[in-house]
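Values below: every heavy atom of this structure, side chains too, minus hydrogens, waters and symmetry copies. As the structure is a computational prediction, the values presented were derived from the model and not from experiment.
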Amino acid sequence: MLPFYFLYEKLLERRIQRSQTPSHLLLVLNEADILPDWTDETDETEKTGKTEREVFCGGGRKERSGKRGERGERRKKCSGFDGAEKLRQFVRWCHSLRIEEVSIYIGLIREANGRRLESALLENACERIVERVSEVLRGEDAFVAIYAAPHDSRFYARFFFGGKKTTAKECEGRKRKIIVSVGLGGKSELTRAFRALATKVRSGEIEPAEINEKMLEDALIFKSEPELIIRSGSTRLTDFLIWQSVYSELYFTDVNWRKFRRIDLLRAVRDFQMRERRFGR
């Protein structure tokens with residue numbers, strides 16, 4: 001099967017190179033795709049035959065099964081999959097296909113069993129993702145912007161270029177960009193834009209009747225519109241770039257992020273090239 005996939009991949013890439021590729025691609029993931037899964041197990045004595053198992057996933061979430069015995073030995077193990085490292089591979093695959101702007105949305109798990117998770121858990125998960133993603137992407141040959149919103153009411157951002165921290169203003173106009181959003185969705189972005197416009201109306205800078213689409217777009221955090229959105233291993237979408245992606249093409253992979261390969265990206269891009277875009281018409 002390996003020779004077949006190798007030839008198929010080369011054939012896809014050759015066909016892709018003959019047509020126009022999307023200039024801006026958005027990849028949609030969730031925190032479980034990035035943070036490693038840790039398993040904490042306790043093996044009990046033969047006398048009780050009881051075990052306790054805690055499965056740790058993003059941000060310290062855990063599930064218990066079984067009962068705790070009187071004595072036992074605890075041990076941790078990791079699945080070995082590095083979702084953040086695969087992000088670096090994915091970005092380089094995109095750049096090799098002349099896709100200059102790559103956006104990545106990483107959704108946070110904010111609720112479990114119908115209850116909202118504690119702020120400390122959200123902050124921990126968000127910070128771990130930001131640190132790991134910054135570590136693997138900051139050295140790429142592109143302007144890297146990472147936005148994080150552990151809470152709906154606030155967000156923070158980090159910017160890198162050439163492996164060093166920088167500012168958004170210093171990198172304006174650069175063609176190759178990597179934009180990462182951790183938990184900052186489209187609803188929150190639009191709410192902030194509406195508030196900014198309302199503040200200008202209240203101060204007398206503009207009149208309500210003067211507000212148009214251009215003003216709203218200028219107030220948004222993310223300016224560029226993705227041409228292709230890839231959702232890995234799920235058919236559920238996110239509200240990220242909900243305004244900007246109104247005319248985007250959607251592609252859902254049948255493999256999750258753990259099993260995502262370069263050939264899956266090639267298939268998505270080739271499928272995009274073969275579509276007739278109507279832009280709402």
Can you tell if the side chain of [X] reaches within under 4.5 Å of the side chain of [Y], non-hydrogen atoms only?
X	Y	value
E210	M215	yes
I146	L137	no
V201	E207	no
L12	I263	yes

Exactly one of I104, I229, I230 should register a side-chain contact (heavy atoms from CB on, under 4.5 Å) with L26. Which one does? I229
For [Y], does its backbone N or O pair with a side-chain atom of [X] as donor and acceptor, under 3.5 Å?
X	Y	result
D239	K187	yes
S248	P226	yes
S188	G185	no

Run the side chain to side chain contact (heavy atoms under 4.5 Å, CB included) check on L184 and F222 step by step: do they pass? CA-CA 11 Å; L184 178 55; F222 307 103; 4.0 Å; yes
Less than 3.5 Å apart, any donor N or O on the side chain of Q17 or R98 sitting next to an acceptor on the other? yes
Is V255 reachable from L266 through a run of I, L, V, M, F, W or Y residues, each pair having side-chain heavy atoms under 4.5 Å apart? yes
Starting from Y105, can I reach W243 by hopping between I/L/V/M/F/W/Y residues whose side chains sit under 4.5 Å apart? no
Short N-O contact, [X] and [Y], less than 4.0 angstrom:
X	Y	result
R128	E31	no
E249	R275	yes
E85	R88	yes
E100	R176	yes
K214	E217	no
R262	E9	yes

Are R174 and F161 in a cation-pi setup, meaning NZ or CZ lies under 6.0 angstrom from the ring centre and within 45 degrees of the ring axis? yes
Smallest heavy-atom separation, A149 atom then C126 atom, equals N-SG, 4.2 Å
Output for pair (K86 NZ, I34 CD1), nearest 0.5 Å, gives 10.5 Å
